[in-house]
Amino acid sequence: MEHQMTIAGITTCEGIGLHTGKPVHMRFLPAPEDTGIVFVRTDLGNMKIAAVSENVTTTLRATTIGMGKEQIFTIEHLMSALHIMQIDNCYIELDAEEPPVFGGSAEGFLHILQSAGRKEQQSVRKVIKIDRIYRVEEEDKFVIALPYDGLRISFTSLNEHPFIGTQYFDFVADEKAYEAQIAPARTIAYENEIEQLHKMGLGLGGSLEDVIIYNDNGWINELRYEDELVRHKILDIIGDLRLAGGLVRGHFIAVKSGHKLNAKLTRLIRQRELEKIAK
């Protein structure tokens with residue numbers, strides 16, 4: 001029998017948002033049992049937005065949640081670290097609409113949560129176990145979820161660029177393995193896209209330290225892994241799956257998936273879990 005976990009103490013960080021480029025101060029606070037992961041906009045009178053799939057508002061270049069007109073952008077890297085750390089309950093206060101870019105990966109968030117520590121709570125953890133086969137697809141992209149005793153991601157990335165090509169990584173979730181193999185992997189951008197992204201109000205806080213950028217001649221900055229792109233895709237899907245409302249156990253096989261398909265799959269999983277509870 002597993003018990004719920006929250007963080008053991010309050011911890012803080014600050015920086016600028018990856019897409020908005022706006023400064024932000026953030027605090028992680030312990031939360032009571034059965035709270036889940038809840039973002040608190042301190043700049044909006046402590047408005048609370050639960051990190052669950054029904055609150056996802058857009059998946060354009062990131063996963064965004066919101067209520068009404070108010071939103072919180074690019075939560076997937078933080079949610080990925082929370083998922084791996086097996087934190088069930090946590091309040092995340094921030095005074096802007098996007099968490100810090102923190103290197104464009106989950107590494108900074110993972111280390112912050114590790115420094116805060118974990119505290120076991122009395123209530124039993126509600127684990128989301130994949131008990132059937134799910135498949136979501138769009139053209140040549142798909143994600144399949146299968147029953148599995150643990151969390152495993154098998155991801156294939158297909159890119160026509162000759163310097164990227166086909167990348168595959170099979171990851172069985174474990175905190176130490178995640179810290180070494182997945183957490184440092186950064187987000188990616190094509191150089192010719194950057195100007196258009198800026199016009200759309202995206203990527204305004206990114207730099208060569210936070211984003212791996214390629215052009216027609218190759219990579220502009222040095223890679224941390226030869227297959228950093230697909231590792232970051234795994235980082236993202238782990239974060240997106242946490243919006244199912246709990247810790248997920250299953251084997252996820254993905255080809256060319258992104259936030260849009262991840263969100264669609266997560267909604268299906270959460271709907272089934274809510275139906276189970278209602279019975």
Side-chain angles (χ1 to χ4, degrees), residues 7 11-22 24-28 37-39 49 51-53 55-65 71-87 90 92-94 96-116 151 153 155 157 169 171 173 175 177-189 197 202-212 224-225 228-244 247-248 254 257-260 262-263 266:
I7 58 174
T11 187
T12 63
C13 65
E14 60 183 44
I16 62 170
L18 171 62
H19 288 300
T20 63
K22 296 179 180 178
V24 58
H25 300 83
M26 194 159 67
R27 286 206 312 165
F28 297 83
I37 307 301
V38 178
F39 288 83
I49 305 175
V52 288
S53 61
N55 288 337
V56 173
T57 57
T58 181
T59 53
L60 179 63
R61 303 294 296 211
T63 297
T64 298
I65 58 172
Q71 301 188 83
I72 301 173
F73 300 93
T74 322
I75 65 167
E76 63 271 14
H77 303 163
L78 170 54
M79 294 300 295
S80 186
L82 286 162
H83 202 170
I84 288 296
M85 287 287 290
Q86 301 191 60
I87 303 296
C90 186
I92 303 164
E93 294 183 347
L94 65 169
E97 56 196 359
E98 188 177 27
V101 58
F102 258 26
S105 70
E107 189 172 35
F109 294 122
L110 181 69
H111 291 163
I112 281 179
L113 293 169
Q114 288 173 332
S115 68
L151 176 59
I153 315 290
F155 204 112
S157 171
F169 200 85
F171 177 70
E175 186 180 331
Y178 179 87
E179 184 173 13
Q181 300 173 12
I182 302 297
R186 295 159 295 175
T187 192
I188 186 172
L197 288 173
L202 300 173
L204 301 177
S207 71
L208 288 175
E209 293 181 1
D210 311 315
V211 183
I212 48 173
R224 292 174 178 169
Y225 313 94
E228 190 166 353
L229 184 157
V230 73
R231 292 176 190 243
H232 187 83
K233 290 287 189 180
I234 290 173
L235 185 160
D236 279 345
I237 197 172
I238 291 171
D240 289 338
L241 285 169
R242 184 60 181 80
L243 276 80
L247 304 185
V248 180
S257 183
H259 296 300
K260 182 180 178 180
N262 297 347
T266 301

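- Side chain to side chain, T64 and Q71 fail the donor-acceptor criterion of an N or O pair below 3.5 Å.
- When all heavy atoms of L235 and A185 are compared, the pair lying nearest together is CD1-O, 3.7 Å.
- With 3.5 Å as the limit, one finds a donor-acceptor pair spanning the side chains of E179 and H111.
- Counting heavy atoms from C-beta on, the side chains of R27 and T11 never come closer than 4.5 Å.
- Rounded to the nearest 0.5 Å, atoms CZ (F109) and CG (L82) are 9.0 Å apart.
- In this structure, NE2 on H77 lies 5.0 Å from OG1 on T187, to the nearest 0.5 angstrom.
- We find that K22 and E98 are not joined by a salt bridge, their nearest charged nitrogen and carboxylate oxygen being 4.0 Å or further apart.
- The distance from atom CD1 of I182 to atom CG of L110, rounded to the nearest 0.5 Å, is 12.0 Å.
- Side-chain contact between V24 and E14 is absent, with no heavy-atom pair separated by less than 4.5 Å.
- With values rounded to the nearest 0.5 angstrom, I72 atom CD1 is found 5.5 Å from F39 atom CZ.
- Here the straight-line distance linking atom CG of L151 with atom OH of Y178 works out to 10.5 Å at 0.5 Å rounding.
- Looking only at atom types and distance, the side chain of T63 has a donor-acceptor partner in the side chain of D240 under 3.5 Å away.
- Contact between L18 and V211 at its shortest, heavy atoms only, is CD1-CG2, 4.1 Å.
- There is no side-chain donor-acceptor pair under 3.5 Å between Q86 and E175.
- Atom CD1 of residue I188 and atom CZ of residue R231 lie 14.0 Å apart, to the nearest 0.5 angstrom.
- Among all heavy-atom pairs drawn from M79 and A51, the shortest one is CE-CB, 3.6 Å.
- Between the side chain of S115 and the main chain of I112, a donor-acceptor pair closer than 3.5 Å is present.
- Summarising the geometry of A81 relative to A106, their closest heavy-atom pair is CB-O, 4.3 Å, with the distance given to 0.1 Å.
- Minimum interatomic distance between C13 and F102 (heavy atoms only, all atoms of both residues): CB-CZ, 3.5 Å.
- The minimum heavy-atom distance linking F28 with L78 is given by the pair CE2-CD1, 3.5 Å.
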